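The structure under discussion appears below in the form of structure tokens.
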Amino acid sequence: MSNKVQAIRGTQDMLGEAAERFHSVVSAFDRVRRLYGFQRVEVPVFEATSVFARTLGETTDVVSKEMYTFEDRGGDSLTLRPEFTAGIARAYLSEGWQQHAPLKVATWGPAFRYERPQKGRFRQFHQLDAEIIGAGEPASDAELIGMGAQLLEELGISDRVELKLNTLGDPATRDAWRAALVEHFTSHRFDLSDESRLRLDKNPLRILDSKEHNDFPIVDCAPTVDDYLSEDAASFFALVTSGLDAAGVKWTRDARLVRGLDYYRHTAFEFVTEDLGAQSAVIAGGRYDGLIETMGGPLTPAVGWAAGVERLSMLAAAPEPLKPDVALVPLGERAEAAAIGIAATLRRAGLACDMAYKGNMKRRMQKAAARGARYAVIIGDNELDQGEAGLKDMASGEQSQVAIEALAEAVGGK
RNA sequence: GCGAUCGUAGCUCAGCUGGUUAGAGCAUCGGUUUGUGGUACCGAGGGUCGCGGGUUCAAGUCCCGUCGGUCGCCCCA
């Protein structure tokens, strides 16, 4: 085992049901994204390191210890994307996509983070991503979140996932709230857990979702964002929630929900589940009006979310396995040659058709049954001479002779 | 980066307190049936017991290290 080739830690190989499950999530996303008028975009898997370092915030864990960064042969520092938003924002600027604003775009693909793998967490994982760039209206927040909700519905997992919603307010709100939190937690500094004391310097907002029981009383009496919400920020949030209500999207307020990344403003939300071990978020996002400006662009309002494909596919039901309409069972070399042509004809008629490469009749019949074929088409010398084939219904066991030209029609092809 | 736990055939696992040629089910291949599957029966192939070192007359079994999986902390999709 040990001297065999093996996959890189935190990567996955998928076959059969796992792969089908994965892909059913992606195709559901592609369906829903069209319903909401999000156009598909493609962006590179890697970018200049600065694209992520600047936008994610130098001090975040993602940047400081989780990025796959390497030098190319020209000596430039490149990084495998740890998420989509920064790359899309970069494209928005460097490709001049401002002319299309407001821009609703969707994409999906692999992302990379150097972390210890565990349930629902991988080094190469896959995200669905949706962004609305250039729209500062709360209606866009509601539409974007609604799309996530519909995706969960289509996957049949809405009852296992809950939408948690919060606002971080506008910059003035956020700054005032943050200052109040720092003051509050500093005054209780010596009662905080070690972890939270570290957060106090690095990321005080994160103390709010501490898991340490000792922190709970301090967190419970911490100032909430509502105490510092400006009039504008409050009415913005009210429009988001009323939009969700109008769309029939259920949500719960979570005043402690914050974002680890620096550029979020106003709306923050997570679709969470309790069925994924230590991981709870399956879709997470928010409004990041400050991001594009920090990349050197104009002030550009934007809102977006990302979803974990693996996490969603672990929750979703397995799709029906692929079953061929027809399995060909040729007997002898002449029949094998003829079967290749028959298979091609059936496939052109839109019928899924499979044929084992070798084996005697029994073996081929077993393969046909194992693949779940609806019909077996049996062709031997006798049949070929008469221009017919044996057509066997695998479920009922009934078998009849059918003219080879009529096969496609007989099994329901076009 | 830290912690816990596991590592025996392709897969899921058994192997008691260390004791002769390491087992089962499933899967694969072949046969019973040289043209009929989803049921049955017979048989075959396949394992340096993750790797390295140590203790012992003797190690799959005990000890140390290492690599890998899983789960958790941090953080996050």
Side-chain angles (χ1 to χ4, degrees), chain A residues 1-4 6-12 15-16 25 56 59-67 81-85 108-130 148 193-196 198-199 202-203 206 209-212 258-261 270-273 276-285 304-315 327 329-332 335 356 358-383 389-399:
Chain A
M1 281 297 212
S2 67
N3 56 355
K4 279 186 184 171
Q6 60 184 28
I8 299 297
R9 166 177 276 177
T11 66
Q12 322 170 74
L15 176 68
V25 169
L56 294 181
T59 60
T60 59
D61 276 18
V62 171
V63 170
S64 60
K65 59 181 194 185
E66 292 174 4
M67 294 203 307
R81 66 182 173 214
E83 54 122 48
F84 276 92
T85 306
W108 81 274
F112 304 84
R113 252 118 100 156
Y114 191 85
E115 298 182 283
R116 287 297 294 270
Q118 62 191 64
K119 188 180 179 74
R121 158 180 287 180
F122 308 91
R123 288 188 172 179
Q124 175 177 336
F125 59 108
H126 299 79
Q127 286 191 334
L128 313 173
D129 189 273
S193 63
D194 293 344
E195 294 289 354
S196 290
L198 285 173
R199 287 172 174 150
K202 274 171 53 183
N203 200 344
R206 298 284 307 181
D209 53 17
S210 169
K211 289 173 189 166
E212 295 287 336
V258 292
R259 301 273 57 154
L261 304 180
E270 286 179 6
F271 289 89
V272 298
T273 180
L276 281 180
Q279 272 57 247
S280 61
V282 293
I283 300 178
W305 57 244
V309 178
E310 287 86 353
R311 292 182 183 181
L312 289 172
S313 64
M314 279 188 275
L315 294 178
V329 181
L331 308 165
K358 62 172 183 178
N360 58 22
M361 180 168 197
K362 172 179 174 143
R363 196 56 70 183
R364 288 173 189 262
M365 287 300 288
Q366 284 177 344
K367 285 248 164 65
R371 291 294 312 276
R374 283 196 299 134
Y375 292 97
V377 168
I378 298 153
I379 316 149
D381 288 340
N382 298 342
E383 284 81 358
L391 180 64
K392 180 164 186 173
D393 183 313
M394 295 298 277
S396 67
E398 284 170 28
Q399 185 169 339

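Since we're looking at a predicted model, the values are computed, not measured. All heavy atoms count here, side chains included; hydrogens, waters and symmetry mates do not. Chain identifiers are assigned alphabetically (A, B, ...) following the order of the sequence lines, protein sequences preceding nucleic acid strands; residue numbering begins at 1 within each chain.
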Say you pick atom C1' in B:A9 and the same atom in B:C2; how far apart are they, in whole Å? 36 Å
Is there a donor on the side chain of A:Glu383 or the base of B:G35 sitting less than 3.5 Å from an acceptor on the other? yes
Ignoring hydrogens, what is the shortest heavy-atom contact between A:Arg311 and A:Gln279? Give both atom names and the distance. NH2-CG, 2.8 Å
Go ahead and name the base partner of B:A14; Watson-Crick or wobble counts if both distances stay under 3.5 Å, otherwise write none. none
Check whether any side-chain heavy atom of A:Val25 sits under 4.5 Å from a side-chain heavy atom of A:His126, and report yes or no. no
Mind checking the C1' distance from B:U34 to B:U20? Whole angstroms is fine. 46 Å
Over all strands shown, is A:Glu310 touching base, sugar-phosphate only, or nothing at heavy-atom distances under 4.0 angstrom? nothing
For B:G65, the Watson-Crick or wobble counterpart (both distances under 3.5 Å): B:C51
Across every strand shown, the nucleotide meeting Watson-Crick or G-U wobble geometry with B:G43 (both distances under 3.5 Å) is B:C29
Heavy atoms under 4.0 Å, any strand shown: does A:Ala370 hit a base, just sugar-phosphate, or nothing? nothing
Can you tell me the base-pairing partner of B:G35? Count Watson-Crick or G-U wobble geometry only, both distances below 3.5 Å, and say none if there is no partner. none
Any idea which of B:G72, B:G68, B:A77 is nearest the A:Gln118 side chain? B:G72
Rounded C1' spacing from B:C13 to B:U8 in Å: 9 Å
Please check the phosphate of B:G1 (OP1 and OP2 only) for any side-chain N or O of A:Arg116 closer than 4.0 Å. no
Could you work out the separation of B:G50 and B:U70 based on their C1' atoms and round it to a whole Å? 15 Å
Using a heavy-atom cut-off of 4.0 Å across all strands, would you classify A:Gly332 as base, sugar-phosphate, or nothing? nothing
Ignoring the backbone of A:Ala369, work out which of B:A77, B:G3, B:G37 is nearest its side chain. B:G37
Sticking with atom C1', work out how far B:G7 lies from B:G52, rounded to a whole angstrom. 15 Å
Could you state the interatomic distance from CZ (A:Arg116) to CZ (A:Arg123), rounded to the nearest 0.5 Å? 7.5 Å
Which part of the nucleic acid, if any, lies within reach of A:Gly120 when heavy atoms closer than 4.0 Å are counted: base, sugar-phosphate only, or nothing? base
Grab the two heavy atoms, one from A:Asp129 and one from A:Ala306, that are nearest each other, plus how far apart they are. OD2-CB, 3.9 Å
So what does A:Glu270 touch, heavy atoms closer than 4.0 Å: a base, only the sugar-phosphate, or nothing? nothing
Test side-chain contact (heavy atoms from CB on, under 4.5 Å) on A:Val309 and A:Leu128; report intermediate values, then the result. CA-CA 7 Å; A:Val309 178; A:Leu128 313 173; 3.6 Å; yes
What contact category does A:Asp129 fall into here, base, sugar-phosphate, or nothing, at under 4.0 angstrom with non-hydrogen atoms? nothing
Distance check, P atoms only: B:G25 and B:A44, in whole angstrom units. 12 Å
Map A:Leu276 and A:Ala395 onto RNA chain B by nearest heavy atom, then report which one ends up closer to the 5' terminus. A:Ala395
Heavy atoms under 4.0 Å, any strand shown: does A:Ala368 hit a base, just sugar-phosphate, or nothing? nothing
Strictly below 4.0 Å: does A:Arg206 bring a side-chain N or O up to OP1 or OP2 of B:C76? yes
Could you check which nucleotide pairs with B:G3 in any of the strands shown, counting Watson-Crick or G-U wobble with both distances under 3.5 Å? B:C71
Looking across every strand, which nucleic acid part, if any, lies under 4.0 Å from A:Phe122 by heavy atom: base, sugar-phosphate, or nothing? base
Inter-nucleotide C1' distance (B:A59, B:G15), Å rounded: 14 Å
Between the protein and nucleotides 27-34 of chain B, which nitrogen or oxygen pairs are less than 3.5 angstrom apart?
residue : atom : partner  : partner atom : Å
B:G30   : OP2  : A:Arg363 : NE           : 3.3
B:G30   : OP2  : A:Arg363 : NH2          : 3.4
B:U32   : O4   : A:Lys362 : NZ           : 2.7

Roughly how many Å apart are B:G10 and B:U28, using the P atom of each and rounding to a whole number? 15 Å
